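Take a look at the structure set out below.
What you are looking at is a predicted structure, and each value in this text was computed from that prediction instead of being measured.
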Amino acid sequence: MNKFIVLIFLFIFCAFDISYCATDEIMDELLKNDTSAKPACNLNYNYQSVESIPIKLQITEKISTKKDGIYDGQKVTFKVRQNVKYNGKIFLKQGTIVTANVDGLLTRGMNGIPAAIIIDNYHIEGIDNSKIRGFYKKRGLNLSLMVYPIKWALTPIPGVGSLTNFILGGNASITPNDTVIIYYYPHWGEK
């Protein structure tokens with residue numbers, strides 16, 4: 001009996017292996033006339049330097065998932081909170097305008113799942129954008145750690161545990177009181 005089961009698994013494995021090879025041949029046939037460009041890799045950059053300059057920002061106008069007007073790709077404007085120095089000189093003055101995009105937007109969900117706003121792709125006039133790295137994520141109030149235990153405790157009573165599905169998480173908002181920190185890497189690109 002055990003030998004029979006082993007033979008069946010061996011047969012299935014070989015059949016899968018053959019179909020996998022056939023899939024490669026089919027894809028090669030389909031892609032032989034493909035003229036799309038390959039992604040560019042910038043190999044001249046020196047990404048080994050870890051020296052970075054933190055830049056503290058504040059948003060100029062509050063954004064929130066509570067409003068209907070926020071969307072992915074939306075441009076948002078920041079101001080530099082304080083002068084940024086590099087090598088003893090002022091590199092960026094306080095109040096310098098920085099633009100960025102809403103890179104991701106998650107609406108709040110059932111079972112206490114919070115909303116989230118993700119900001120990325122920062123642009124500062126006169127600075128090489130490829131040397132700027134920053135990623136800011138703001139979440140709303142997460143109620144799921146409270147909801148799930150209640151849900152499981154109420155599950156033995158038919159239908160009652162499902163009522164916790166209607167508890168929504170909190171909205172996310174970024175206000176001028178929040179400090180967003182991005183980093184400038186001055187030595188990237190040097191050989």
Side-chain angles (χ1 to χ4, degrees), residues 1-2 4-20 22-24 26-27 39 47 50 52 54-82 97-124 129 132-185:
M1 183 68 177
N2 288 340
F4 182 70
I5 292 173
V6 170
L7 287 175
I8 289 174
F9 280 120
L10 185 62
F11 175 75
I12 291 172
F13 179 74
C14 290
F16 176 78
D17 193 36
I18 291 169
S19 67
Y20 182 76
T23 305
D24 284 345
I26 292 170
M27 291 306 294
Y47 292 102
V50 293
S52 63
I55 302 170
K56 294 181 181 180
L57 308 173
Q58 73 180 43
I59 198 162
T60 57
E61 194 174 302
K62 177 182 175 180
I63 60 172
S64 175
T65 56
K66 199 172 197 176
K67 296 180 183 178
D68 294 332
I70 191 170
Y71 56 90
D72 279 342
Q74 177 180 344
K75 292 250 187 242
V76 290
T77 307
F78 292 89
K79 287 184 180 179
V80 176
R81 273 195 183 267
Q82 59 194 29
I97 299 296
V98 178
T99 58
N101 292 339
V102 175
D103 202 38
L105 186 63
L106 305 171
T107 57
R108 63 191 186 144
M110 296 170 68
N111 289 315
I113 305 295
I117 301 172
I118 302 168
I119 306 286
D120 204 357
N121 300 323
Y122 297 89
H123 176 73
I124 303 172
N129 293 335
I132 298 173
R133 289 291 172 256
F135 175 80
Y136 185 71
K137 182 177 187 178
K138 181 80 180 268
R139 288 185 178 175
L141 180 61
N142 185 357
L143 298 174
S144 63
L145 295 176
M146 179 186 74
V147 170
Y148 283 119
I150 295 170
K151 179 183 193 114
W152 286 107
L154 296 174
T155 298
I157 304 169
V160 177
S162 298
L163 293 175
T164 61
N165 290 344
F166 300 110
I167 299 173
L168 297 176
N171 284 304
S173 62
I174 302 175
T175 66
N177 294 332
D178 296 327
T179 300
V180 176
I181 300 176
I182 61 174
Y183 296 91
Y184 174 70
Y185 293 86

A side-chain contact here means heavy atoms from C-beta on lying under 4.5 Å apart; do [X] and [Y] qualify?
X: Gln58; Y: Phe78; answer: no
X: Val98; Y: Thr77; answer: no
X: Leu57; Y: Ile182; answer: yes
X: Val80; Y: Lys56; answer: no

Cut-off 3.5 Å, no hydrogens considered: what does the side-chain donor-acceptor table look like for residues 109-123, sequence neighbours left out?
| from | atom 1 | to | atom 2 | distance (Å) |
| --- | --- | --- | --- | --- |
| Asn111 | OD1 | Lys151 | NZ | 3.4 |
| His123 | ND1 | Asn129 | OD1 | 3.1 |
| His123 | ND1 | Asn129 | ND2 | 2.6 |

At what distance, to the nearest 0.5 angstrom, does [atom1] of [X] lie from [atom2] of [Y]?
X: Asp72; Y: Leu106; atom1: CG; atom2: CG; value: 8.5 Å
X: Tyr136; Y: Ile59; atom1: OH; atom2: CD1; value: 9.0 Å
X: Leu163; Y: Asn165; atom1: CG; atom2: CG; value: 8.0 Å
X: Lys137; Y: Asp103; atom1: NZ; atom2: CG; value: 11.5 Å

| message | So for atom CZ, which belongs to Arg139, do other residues, nucleotides or ligands contribute more than 12 heavy atoms lying within a distance under 6.0 Å? | response |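 Open: at most 12 neighbouring heavy atoms sit under 6.0 Å from CZ of Arg139.
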| request: Can you sort out the partners of Tyr184 under ring-ring contact (aromatic ring centres under 6.0 Å, His included), two or more places apart, ordered by chain and number? | output: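 Checked Tyr184 against ring-ring contact (aromatic ring centres under 6.0 Å, His included); matches are Phe91.
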| Which residues share a salt bridge (charged side-chain N to carboxylate O under 4.0 Å, His left out) with Lys138, sequence neighbours left out |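 Listed in chain order: Asp178.
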| request: For Pro156 and Ala153, work out which heavy atoms get closest and say how close. | output: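 Shortest heavy-atom separation between Pro156 and Ala153 comes out as CD-O, 3.4 Å.
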| Partners of Ser144 by side chain to side chain donor-acceptor pair (under 3.5 Å), sequence neighbours excluded? |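 By the side chain to side chain donor-acceptor pair (under 3.5 Å) rule, Ser144 matches Asn142.
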| field | Check against side-chain contact (heavy atoms from CB on, under 4.5 Å), Gln74 and Asn101 | value | CA-CA 5 Å; Gln74 177 180 344; Asn101 292 339; over 6 Å; no
| task | Could you pull out all residues at least two apart from Pro54 that satisfy side chain to side chain contact (heavy atoms under 4.5 Å, CB included)? | result |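 With sequence neighbours excluded, Pro54 shows a side chain to side chain contact (heavy atoms under 4.5 Å, CB included) to Ile181, Tyr183, given in chain and number order.
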Distance-only donor-acceptor pairs under 3.5 Å for side chains of residues 167-175, two or more places apart:
| from | atom 1 | to | atom 2 | distance (Å) |
| --- | --- | --- | --- | --- |
| Asn171 | OD1 | Thr65 | OG1 | 3.1 |
| Thr175 | OG1 | Asn177 | N | 3.4 |

